[in-house]
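Lettering follows sequence order; numbering is per chain, from 1.
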There are 2 protein chains.
Amino acid sequence: MASIKDVAAEAGVSVATVSRVLNDHPSVSADARTRVLAAVETLGYRPNAVARSLRTDQTHTLGLVISDVMNPYFTELARSVEEEARALGYSVIIGNADERPDLQDHHVRTLLDRRIDGLLVSPTDGGSPLMLDAARAGTPMVFVDRWIPGVDVPVVRSDGRGAVRDLVAHLHGLGHRRLAIIAGPAATTTGRERVEAFREALAAYGLDLPDAYIGQGDFQAESGRLVTEGFLDLAEPPEVVFAADNLMALGALDAVRARGLRVPDDLALAAFDDIRWFVHTDPPVTAIAQPTGELGRAAVRALVDRIEGRPGQSVTLPARLVVRRSCGEDPTPVQRSTT
Amino acid sequence: MASIKDVAAEAGVSVATVSRVLNDHPSVSADARTRVLAAVETLGYRPNAVARSLRTDQTHTLGLVISDVMNPYFTELARSVEEEARALGYSVIIGNADERPDLQDHHVRTLLDRRIDGLLVSPTDGGSPLMLDAARAGTPMVFVDRWIPGVDVPVVRSDGRGAVRDLVAHLHGLGHRRLAIIAGPAATTTGRERVEAFREALAAYGLDLPDAYIGQGDFQAESGRLVTEGFLDLAEPPEVVFAADNLMALGALDAVRARGLRVPDDLALAAFDDIRWFVHTDPPVTAIAQPTGELGRAAVRALVDRIEGRPGQSVTLPARLVVRRSCGEDPTPVQRSTT
DNA sequence: CCCGTCGATGTAATCGATTCCACGAGCGCG
DNA sequence: CGCGCTCGTGGAATCGATTACATCGACGGG
């Protein structure tokens, strides 16, 4: 592969001049410029980004460590992150943690080794030493969706509290009184928060959230299935299950179907995260929709701000309830998700 | 951030010795080794991958350019690719082409600029000059799922021909005679092949595939919706629609639902690519399942073989039909996808 | 007419690693 | 006792860019 030296030789100038042309530095003669450009053309030269990065100490690359690529929510997040980053002149390297702290650390480590300019993380756990060190060492960082409390890093997320209240109002209005939740890992902020929001919303209606109605999941489908089976085995099973993410809702559907039961007659279902398929499931699933694309874009903007020396804002956007039929027939017409 | 010089100074040896320890070269004394390791520890030193790559001309990184991250098929492919690559000591940088040739070229270009060791591509079009040049220039490359004819690059894909025949047999057995297809872009191999396989399978039953029953889609949901609307507006609409990928099937469901019609009574539906949600849609969707994980792993193995100087095998794996209820009630019991 | 300035260019240092080569110490063998 | 190996080590070149600094010619003003 042709290097800058080859171009310099071909154009009959020094490498400095070639570099100046390529970075359009003002003081280059029109003549030299055209000769260099011609040489670049004939050699098919492309600058070596590795060498450039070594010298300038910038990679124009962002790292994105997400909890699970197979989760449509994160997949959409990744897409909007890449889009916004591209618009701002950055590339994105995605690391998939699969909800495993060890994998998360692996990716953070290799991303740092690559000297990415900044890191976007949706932490799988409460904060490994590695991540805490990175934050303290001054690596530009932004948390998306989930965060680690007590770390001085901007957080871009959505607040589901209002939507959860709306959901509980909806469920209560349909006559449901025994409400259960499939929670995410307690080590994650979203895992804890969604349970808390649910509990508070229930309390407003004088309802309790007994321990037996809190199933411990891990944001993956299989755990949703297992927890739901547990609920169905209770002497007094819940009337509604609220899954803290879309994959656990999928698992819940698996469990219900495996027993030959029906949603919502035998068990009603609602989910956090709205995805396109929820419109077409049997029945369509009532869900809480996050402004995913906006989150991704805001996160990139915050991170690039930090990288380029500007402050970097935390952002919290509201989520909203999308009512469908999985909790029972509703007086209002079925709404269509715009995710 | 500490560099190899700092480590050398701390350990009281030269940078050469530090490098030897880090790459466990045999001729280093036990004493020097422990001192270096201690220095590495106290400084929290990590080698700069950028500098290392510049010198060794290897990045231990694979580029993966996929057609659409929002498509669960590609998302699963990406996951298995990353997994296998990690097992073999490589990282993966994913580029999302969103079915747009210009975006695809953008990602190929930046990946080459980064000097990735090899490229895994599922081409969105018939082959841009850039990609052809890259292949000719000797960049280790492997095509996954889709490929570009006439280019000497291993191809890892699945053959749906047999499964399509099974599908047509199933449809014919249910009494359907007017069968339509939502095709993918003619510029892609999978776009063309699936139509051809369908046409051939129909011919075996003496059935025709008229032009009016070939809708031109682009592998995205919206095109599936539009094509399906077109079919429904025909004087003699088809009885069955076969969508050439899962997203266009989603669009077809949107169209059917928007008109207040039912699957399969008003229009039967089948799809290429099986995804988990098809089990829970209304009704569950009959689909052709590819061995996605195996494809991803085989592709990485082929690519790494090429990178490391071994031949690199093309691989073709069979797809299989998974019958559910979206084409009408079937005598056999509902099967469960194991995707 | 000379000197200072500015514009265009080249030389060389530098980024952080790897690796070839040279060198000195220690050791075995004749 | 000395020759030649091997082993451990350091010095320095190198990868491909960027960029500070030096240089040189032309030009304008005093």
- Task: Indicate yes or no: does R146(B) engage E99(B) in a salt bridge with an N to O separation below 4.0 Å.
- Result: yes
- Charged N-O contact under 4.0 Å between R86(B) and E83(B): no
- Look at S27(A) and dG7(C) and indicate whether a side-chain polar atom (N or O) is within less than 4.0 Å of OP1 or OP2. no
- Task: Compute whether any side-chain donor of one residue and acceptor of the other, for R114(B) and S53(B), lie under 3.5 angstrom apart.
- Result: no
- Atom CD1 of I4(A) and atom C1' of dC15(D): how far apart are they, to the nearest Å? 13 Å
- Message: Looking at dT18(D), I'd like to know if its phosphate oxygens (OP1 or OP2) sit under 4.0 Å from a side-chain N or O belonging to S19(A).
- Response: yes
- Message: So V50(A), base contact, sugar-phosphate only, or nothing? Heavy-atom distance under 4.0 Å.
- Response: nothing
- Atom pair distance, as rounded to whole Å: NZ in K5(B) and P in dG11(D): 13 Å
- Message: Regarding D98(A) and R79(B), does a basic nitrogen lie under 4.0 Å from an acidic carboxylate oxygen?
- Response: yes
Taking only nitrogen or oxygen atoms into account, show me every contact under 3.5 Å that the protein makes with nucleotides 22-24 of chain D, one pair per line with its distance.
none

- Query: OP1, OP2 of dC15(C) versus side-chain N and O of T56(A): anything below 4.0 Å?
  - Reply: no
What does the list of N/O pairs under 3.5 Å between the protein and nucleotides 23-27 of chain C look like, with a distance for each?
none

- Message: At 10 degrees resolution, what angle do the end axes of the helix from dC1(C)-dG30(D) to dG30(C)-dC1(D) form when each is taken over five base pairs?
- Response: 60°
- Length of the CG-P vector between L22(A) and dT18(D), whole Å: 7 Å
- Residues T61(B) and S91(B): side-chain donor-acceptor under 3.5 angstrom: no
- Spacing between D31(B) atom CG and dC7(D) atom C1', to the nearest angstrom: 15 Å
- Less than 3.5 Å between a donor and an acceptor, one on the side chain of R52(A) and one on the base of dT18(D), is that the case here? no
- Could you tell me the separation between the CZ atom of R114(A) and the P atom of dG16(C), rounded to a whole number of Å? 18 Å
- List the atom of S122(A), the atom of F74(A), and the distance in Å for their closest heavy-atom pair. OG-CE2, 3.5 Å
- In whole angstroms, how far is the P atom of dA17(D) from the CZ atom of R55(A)? 13 Å
- Message: If the cut-off is 4.0 Å, is N48(B) near the phosphate of dC15(C), judged by side-chain N/O to OP1 or OP2?
- Response: no
- Measure the distance from CD on Q58(A) to C1' on dT14(C) and round it to the nearest whole Å. 16 Å
- For the side chain of V15(B), starting at C-beta, report the closest nucleotide among dT18(C), dT11(C), dG16(C). dT18(C)
- Message: Salt bridge or not between K5(B) and E10(B)? Use side-chain N to carboxylate O under 4.0 Å.
- Response: no
- Item | Backbone N/O of W147(B) and side chain of T189(B): donor-acceptor pair under 3.5 Å | yes
- Query: From L120(A) CG over to M141(A) CE, what is the distance, rounded to the nearest 0.5 angstrom?
  - Reply: 9.5 Å
- Provide, to the nearest angstrom, the distance between the CG atom belonging to D113(B) and the P atom belonging to dA17(D). 10 Å
- D145(B) bridged to R157(B) by N-O distance under 4.0 Å: no
- Query: Would you say D57(A) has more than 12 foreign heavy atoms packed within less than 6.0 Å of its CG?
  - Reply: no
- Message: If the cut-off is 4.0 Å, is S29(A) near the phosphate of dA8(C), judged by side-chain N/O to OP1 or OP2?
- Response: no
- Message: One thing to verify: whether R35(B) and D31(B) come together as a salt bridge, which I'm taking to mean a side-chain N less than 4.0 angstrom from a carboxylate O.
- Response: yes
